Undergrad: 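Just dropping this structure here.
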Amino acid sequence: MLSIIIPAYNEEENIENTASVIGGIMKENGIECEILFVDDGSKDRTWEIIEKLAAENDSIRGLKFSRNFGKEGAVFAGLKYCRGECAAVIDCDLQHPPKLLVEMYNLWKQGYQVVEAVKASRGKESFLYKFFAQSFYGLMKSSSNIDMRGASDYKLMDRQVVDALNELPERITFYRALSSWVGFKTTKIEFNVAPRNAGSSKWSFKKLFKFALSNLTSFTNAPLHLVTVFGIIFLISAIATGIVQLVRFCGGESQDGILPIILFSSSLIMLSLGIIGYYLSKIYEEIKGRPRYLVSLDTLDKKNKRDKI
Ligand code: UDP
Ligand code: MG
């Protein structure tokens, strides 16, 4: 059975249509599936609709978080609660073409354990968004050697991969990169990002920036080494200016020009402390060991619950 995990946050306009489109495609192609909606603390009628669909259709299930925990939490909750021999994660707004699921499923049948759908084109995005996405992926590639250009959350994974992801102990996760990091027999297929079916994107610029920063630091320690590099640069320049000043002093010239150097070096020291502080806060978050999400309601039946949790 294929589990289709769909994170949903304020998607009342999309749930019903998405469930029927995906359900229809699976039926047409004779693929046994369960559709698992993870309601990430929506404030609209999303959960009501999920419950209604789950009551009508045995292959539709839902989980509801106690509040909005973010898409990462929703994806990982889906991976934990799904029951299939393979599982796919797909957006609720049909920006990930659901027809591709059939191809991905067939590749899984051929023995691939991770089938990644990569973006051939990035769809409609602003210049600023594209610029930040490219810089982020460039940094990820150079620091952790994971090539994520075109990567999306649209993936199909074998049970073995799902279990491996579920066993990762960390709390600050980055699903899109971790699903490559775990390895296994992987293949890629391309898709074009469709426009959103209904509603608007749930990401604000601030949310995306924080997400990128958190993901980068969870995969690389390079910024911490930057602090050491700053230190070395300043040691060398301090020695050089020291010598120059000494020569000038001996020549009877007055000493000046030192203030900009002090200002520059102290700002770098503060920047470095900021970088260290950021990592420290991440360690603090991890060490608290709080759950990534809290489930408040679900439509999973008692038997499945006993089996899975
Ligand atoms: N989503 C979520 N929690 C959030 C934000 C988004 O579960 O806090 C879900 C959303 O319902 C959708 C998917 O993540 O199914 C992708 O979100 P969106 O379409 O807003 O992102 P974009 O396509 O603009 O990157
Ligand atoms: Mg979208």
Side-chain angles (χ1 to χ4, degrees), residues 3-22 35-50 53 60-82 87-98 100-101 117-134 136-137 148-155 172-177 179 191-212 214-215 292-298:
S3 295
I4 300 166
I5 299 162
I6 312 180
Y9 178 51
N10 294 343
E11 301 278 10
E12 60 181 4
E13 294 158 281
N14 285 318
I15 300 279
E16 215 153 353
N17 178 50
T18 303
S20 80
V21 169
I22 294 179
I35 298 180
L36 177 55
F37 282 105
V38 184
D39 177 357
D40 185 11
S42 301
K43 294 180 184 76
D44 61 2
R45 289 178 53 247
T46 300
W47 179 248
E48 234 176 86
I49 301 167
I50 295 173
L53 292 179
I60 297 180
R61 309 190 134 75
L63 288 175
K64 180 175 173 59
F65 285 178
S66 61
R67 64 166 170 86
N68 179 240
F69 280 92
K71 190 181 173 187
E72 281 294 307
V75 168
F76 275 88
L79 291 174
K80 184 176 164 198
Y81 286 84
C82 72
V89 176
I90 183 168
D91 278 1
C92 196
D93 53 11
L94 296 184
Q95 281 195 291
H96 297 154
L100 216 64
L101 278 173
V118 294
K119 295 174 191 166
S121 75
R122 295 189 59 99
K124 261 202 185 143
E125 281 170 353
S126 70
F127 169 77
L128 206 65
Y129 187 98
K130 268 197 179 128
F131 170 76
F132 273 104
Q134 266 164 15
F136 170 69
Y137 291 138
M148 296 189 57
R149 261 160 292 185
S152 74
D153 286 347
Y154 193 14
K155 294 179 189 196
I172 305 168
T173 49
F174 183 26
Y175 159 73
R176 198 176 295 186
S179 44
F191 75 101
N192 287 311
V193 179
R196 202 171 216 285
N197 185 48
S200 58
S201 174
K202 306 292 177 284
W203 293 92
S204 61
F205 186 74
K206 190 175 150 208
K207 220 169 160 186
L208 264 178
F209 188 74
K210 269 172 85 176
F211 185 60
S214 157
N215 293 331
R292 272 181 288 206
Y293 53 81
L294 294 169
V295 175
S296 70
L297 295 165
D298 65 55

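Both counts, for ligands and for their atoms, begin at 1 and track the order of listing. Predicted model, so just to flag it, every value in this text is computed and none were measured. Count residues from 1 along the sequence.
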Undergrad: Could you check whether Arg67 makes a cation-pi contact with Phe65, meaning its NZ or CZ is under 6.0 Å from the centre of the six-membered ring and within 45° of the ring axis?
TA: no

Undergrad: Are Lys71 and Phe76 close enough that some pair of their side-chain heavy atoms sits under 4.5 Å apart?
TA: no

Undergrad: State plainly whether the residues Asp40 and Lys64 are in salt-bridge range, i.e. N to O under 4.0 Å.
TA: no

Undergrad: Can the ring centroids of Phe191 and Tyr154 be said to lie less than 6.0 angstrom from one another?
TA: yes

Undergrad: Testing the basics here: between Ile35 and Ala19, what is the closest heavy-atom pair and its distance to 0.1 Å?
TA: CD1-O, 3.9 Å

Undergrad: At a cut-off of 2.8 Å, what protein N/O/S atoms sit near the Mg ion (ligand 2)?
TA: Asp93 OD2, Gln95 OE1

Undergrad: Non-hydrogen atoms closer than 4.0 Å to ligand 1: which protein residues do they belong to? List them by chain and number, please.
TA: Pro7, Ala8, Tyr9, Glu11, Asp40, Asn68, Gly70, Lys71, Asp91, Cys92, Asp93, Gln95, Arg196, Ser201, Lys202, Trp203, Lys207

Undergrad: Does some side-chain heavy atom of Phe174 sit less than 4.5 Å from a side-chain heavy atom of Glu72?
TA: yes

Undergrad: Just checking, is any N or O donor in the side chain of Asn14 or Asp93 under 3.5 Å from an acceptor N or O on the other one?
TA: no

Undergrad: Among Ile6, Leu101, Asp91, find the one that has a side chain to side chain contact (heavy atoms under 4.5 Å, CB included) with His96.
TA: Asp91

Undergrad: Is there a side-chain contact between Cys92 and Ile15 in this structure, where contact means two heavy atoms from C-beta onward sitting under 4.5 Å apart?
TA: yes

